[in-house]
Amino acid sequence: MLYDLVIIGGGPAGVSAGIYAARQKLNILLIAKTSGGQMARKAVDIENYPGFEKISGLDLIQKFEKHLRKNKIDIERDKVKDVKKTSSGFVVATGAGQRFETKAVLIASGADPRPLEVPGEKEFIGKGVSYCTACDGPLFSDKVVAVAGGGNAGFEAAIVLAQYAKKISILEFNSEIKADQENIELVKKSGKISIITNAALKEIKGRNFVDAIIYEDRKSKKIITLPVEGVFVEIGSIPATKFVKDLVEFNKRDEIVVDPKTNMTKTPGLFAAGDVTDIKHKQIVVAAGQGCQAALSIYEYLRHQS
Ligand SMILES: Cc1cc2nc3c(=O)[nH]c(=O)nc-3n(C[C@H](O)[C@H](O)[C@H](O)COP(=O)(O)OP(=O)(O)OC[C@H]3O[C@@H](n4cnc5c(N)ncnc54)[C@H](O)[C@@H]3O)c2cc1C
């Protein structure tokens, strides 16, 4: 079967594109490796999506998905491994070994959490190392944990963890924290959270599960062992683009460069939208808007092809 459009990603950009493309009667497949993307990982409420004064990321993306499923669209839970150009369009290959032929592709694969890349990190994923406070926070009830990263994401993670954990340390590499005042106030109020600046995390240690982290105090150069039972990594994100290397142009941050009016990449028929692109502002409403713009541009592109 030849699809008109394969959408890679089930976050706000992919879902919004799916809704718009379905209304143009395109024959669509949406492939997403997880449900919800970054919104499902978001620990605290979203307060800036129009129409919802306050809503959890998970609830909002579930509403997106429910709306998407009202339309005629095929959905696959799988990881895209490769996108290849062919004479009739593209072939999209997945981790489960499926191959889908399509006239156009929209990459809406967003961003993955940036890893620390220290010894012990990979080994202890699921055994004390987590990238998702919203998913794993409750597992750390009455435990001592660390959050790597002193920006808003790290502070928000610590605020949520304070509902469960006994004690939380936020480790920030720089000498100053970068979180908003509101988050700083909430952290101070919790009484359970301490902030360690100038901390370069060196290693995560344990036997079967994490039992400590080792960091260097960048000022005194002392190596310090901090006993913890969990480490939440909140040091930013990296665009999820491994499957599409040579068909697109990347900027310095490894984001896909798109035409701002159409969302087309350098390869005709290959489009990208949302956080995976070089758009400046990474927000839900922006990603959803980009998904809409891309879907309408894809419809025009396909009309000119036939
Ligand atoms: C901690 C945190 C807090 C945030 N708070 C807010 C906020 O309050 N308000 C706001 O507007 N924005 C917020 N954001 C930003 C917002 O979440 C993003 O801008 C938005 O989710 C981007 O949407 P997207 O669809 O481009 O990508 P994503 O949400 O990242 O979705 C990407 C999708 O692609 C899928 N995918 C990735 N790779 C593959 C692959 N190889 N194969 C198949 N599928 C794949 C993923 O599974 C996912 O379904 C926050 C982000 C974080 C991390």
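We count ligands from 1, going down the list as the structure has it; atoms in each ligand are counted the same way.
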What atoms of ligand 1 come closer than 4.0 angstrom to any heavy atom of [X]?
X: K282; value: 15 (C), 19 (O)
X: G274; value: 26 (O)
X: G37; value: 29 (O), 31 (O), 48 (C), 49 (O)
X: I284; value: 9 (N), 10 (C), 11 (O), 12 (N), 16 (C), 19 (O)
X: G10; value: 33 (C), 34 (O), 48 (C), 49 (O)
X: A287; value: 22 (C), 23 (O), 26 (O)
X: Q283; value: 9 (N), 10 (C), 11 (O), 12 (N), 13 (C), 19 (O)

**Prompt:** Applying a 4.0 Å heavy-atom criterion (strictly less than), which segment of F243 is in contact with ligand 1: side chain, backbone, both, or neither?
**Reply:**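 The part of F243 near ligand 1 is the side chain, not the backbone.
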**Residue portion contacting ligand 1 (non-hydrogen atoms closer than 4.0 Å) for A108** =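 For A108, only backbone atoms sit under 4.0 Å from ligand 1.
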**Message:** So is T94 touching ligand 1 or not, going by heavy atoms under 4.0 Å?
**Reply:**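 No, T94 has no heavy atoms under 4.0 Å from ligand 1.
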**Request:** May I ask whether V276 places a heavy atom under 4.0 Å from ligand 1?
**Result:**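 Outside the 4.0 Å threshold, so no.
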Heteroatom proximity flag, [X] to ligand 1, N/O under 3.5 Å:
X: G9; answer: no
X: N48; answer: yes
X: K33; answer: yes
X: K79; answer: no
X: E156; answer: no
X: V80; answer: yes
X: A13; answer: yes

**Prompt:** If you measure from atom 31 (O) of ligand 1 to every heavy atom of G11, A153, A111, which option wins on shortest distance?
**Reply:**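 Minimum heavy-atom distance to atom 31 (O) of ligand 1 goes to G11.
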**Prompt:** Around atom NZ of K222, are there more than 12 heavy atoms of other residues, nucleotides or ligands at under 6.0 Å?
**Reply:**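 At most 12 heavy atoms, drawn from other residues, nucleotides or ligands, come within 6.0 Å of this atom.
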**Asked** Counting only heavy atoms not in K85, do more than 12 fall under 6.0 Å of its NZ?
**Response**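 Atom NZ in K85 is packed in, count exceeds 12.
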Does a donor on one side chain sit under 3.5 Å from an acceptor on the other, for [X] and [Y]?
X: Y3; Y: D74; answer: yes
X: N174; Y: E176; answer: no
X: N152; Y: E156; answer: no

**Request:** Would you verify whether the NZ or CZ of K81 falls within 45 degrees of the ring axis of F243 while also being under 6.0 Å from that six-membered ring's centre?
**Result:**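 Relative to the ring axis of F243, which defines the angle, K81 lies outside at least one limit.
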**Asked** Within 45 degrees of the axis of the six-membered ring of F124 and under 6.0 Å from its centre: does K205 put its NZ or CZ there?
**Response**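 Judged by the rule, K205 and F124 form no cation-pi pair.
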**Request:** Check step by step if salt bridge (Lys or Arg N to Asp or Glu O under 4.0 Å) holds for K84 and E101.
**Result:** CA-CA 10 Å; K84 279 216 161 49; E101 290 185 48; over 6 Å; no
**Request:** Please examine the side chains of K33 and R77, heavy atoms only from C-beta on, and report whether any two atoms are closer than 4.5 Å.
**Result:**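 A side-chain contact is absent here, since even the closest heavy-atom pair is not under 4.5 Å.
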**Message:** In this structure, is the centre-to-centre distance between the rings of F140 and F232 below 6.0 Å?
**Reply:**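 Yes, they do, as the ring centres are separated by less than 6.0 Å.
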**Message:** Just checking F173 against Y215, ring centres under 6.0 Å apart?
**Reply:**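 Aromatic pair excluded; centres sit 6.0 Å or further apart.
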